[in-house]
2 protein chains.
Amino acid sequence: MDASVVLDPVDLHLLRLLQNDARTTYRDLAARVGVAPSTCLDRVARLRRSGVILGHRLRLDPAKLGRGLQALLSVQVRPHRRELVGPFVERVRALPEARTVFHLTGPDDYLVHVAVADMADLQRLVLDEFTSRREVARVETRLIFQQWECGPLLPPGHAES
Amino acid sequence: MDASVVLDPVDLHLLRLLQNDARTTYRDLAARVGVAPSTCLDRVARLRRSGVILGHRLRLDPAKLGRGLQALLSVQVRPHRRELVGPFVERVRALPEARTVFHLTGPDDYLVHVAVADMADLQRLVLDEFTSRREVARVETRLIFQQWECGPLLPPGHAES
DNA sequence: CTTGAAAGACACATCCG
DNA sequence: CGGATGTGTCTTTCAAG
């Protein structure tokens, strides 16, 4: 299911272009990669079918949406058993403030990336949704000064922008 | 520049639909929101101009690209001064394994989300690109068991999927 | 697997309420 | 600001190489 997929240079070129702008037309893709538009369509469809491309996401500015403050919450869930952590994750994912949830190795079981309006909002979120829960043993809050997205994700050995 | 923007229910509805599938046509958007296609075009163009929509991103499966192992690296950069941390961040961002870099409050200055092929690859990355650097005082590596993307990012008070 | 042409769908501008 | 109409462009299909 998550086996690696064979990607030829055309696929890689398409992925690199689409990661810069996922709305590039098949016509432009074709011109830049050097194949026919219909071939592009076929290749991209195949990449979607094989699961390499999971979907197209809109990148939004949290600050413009009234969520100018972001933070990472390290959460210990005790006891760390399936019947507790399953509902915990689902509840956290459903929070409108949550962006990503990581299940990690190490003493802090979960890392939750949240976007809130301000400090008061963050305090409310931590108190009401985390520390007040019985299964949450400990929460550590770190504010995000700044964050950078990195270059396009590509297979090892093709480390070019 | 990052002031909050006024969004009416139509804008919110459009954003919600586009976050599920950013390639939805204006025609379909119009039908589902209940306005004319040209209005959709106008609204989305305005959302782009006002900076709410930053761009369109492809969501890829790291495992399918031969990067089945992900980790978070907590990095202390000492001394934590501009002339050191600027180049540090740029160098890390340029790594093909890096996905996101966070500058945080707290004892760990940076959190780096990386995607690698396997444990050997991760070990090489940590040793060659982090701990061997003079400005890197400490690196703590946590593996990612699993990660969940959360619901669409929307302004406070509109917490609906 | 790729291509090129044909048909249909769409984006976008313009005009109008 | 929202809705209709038109034109040029793009996407998508298909038969053929």
Where the side chain of B:Y26 is concerned, which of D:dT11, C:dT2, C:dA11 is the nearest nucleotide?
C:dA11
Using atom CZ of B:R27 as one end and atom P of C:dG8 as the other, report the distance to the nearest whole Å.
14 Å
How close or far is atom P of C:dT14 from atom CG of B:L41, stated in whole angstroms?
12 Å
Just checking B:R46: base, sugar-phosphate only, or nothing, at a heavy-atom cut-off of under 4.0 Å?
sugar-phosphate
Validation row: A:V101, A:V92 side chains within 4.5 angstrom (heavy atoms)
yes
Measure from CG on B:D28 to C1' on D:dT11 and round the result to the nearest Å.
14 Å
Distance check: side-chain N/O of A:R43 vs OP1/OP2 of C:dC1, anything under 4.0 Å?
no
Considering only side-chain heavy atoms of A:A36, which listed nucleotide, D:dC10, D:dT12, C:dT3, is closest?
C:dT3
Mind calculating the distance between CG (B:D42) and C1' (D:dT5) to the nearest angstrom?
17 Å
If you only use heavy atoms from C-beta on, which nucleotide in C:dC12, D:dT13, D:dC10 is closest to the side chain of A:T25?
D:dC10
Could you tell me how the ring of B:F130 sits relative to the ring of B:F88: parallel (under 30°), tilted (30 to 60°) or perpendicular (over 60°)?
perpendicular
Quick one, B:F145 with A:F102, criterion ring pair (Phe, Tyr, Trp, His ring centres under 6.0 Å). Give me CA distance, side-chain angles, the key distance, then yes/no.
CA-CA 8 Å; B:F145 284 132; A:F102 296 94; over 10 Å; no
Taken to the nearest whole Å, CZ/A:R23 to C1'/D:dT11 is 15 Å
What is the distance, to the nearest angstrom, from the CG atom on B:L29 to the C1' atom on C:dA11?
12 Å
Output the single nucleotide from C:dG4, D:dG2, C:dC10 whose closest atom is nearest the side chain of A:S38.
C:dG4
Do B:Q76 side-chain atoms and B:P107 backbone N/O form a donor-acceptor pair below 3.5 Å?
yes
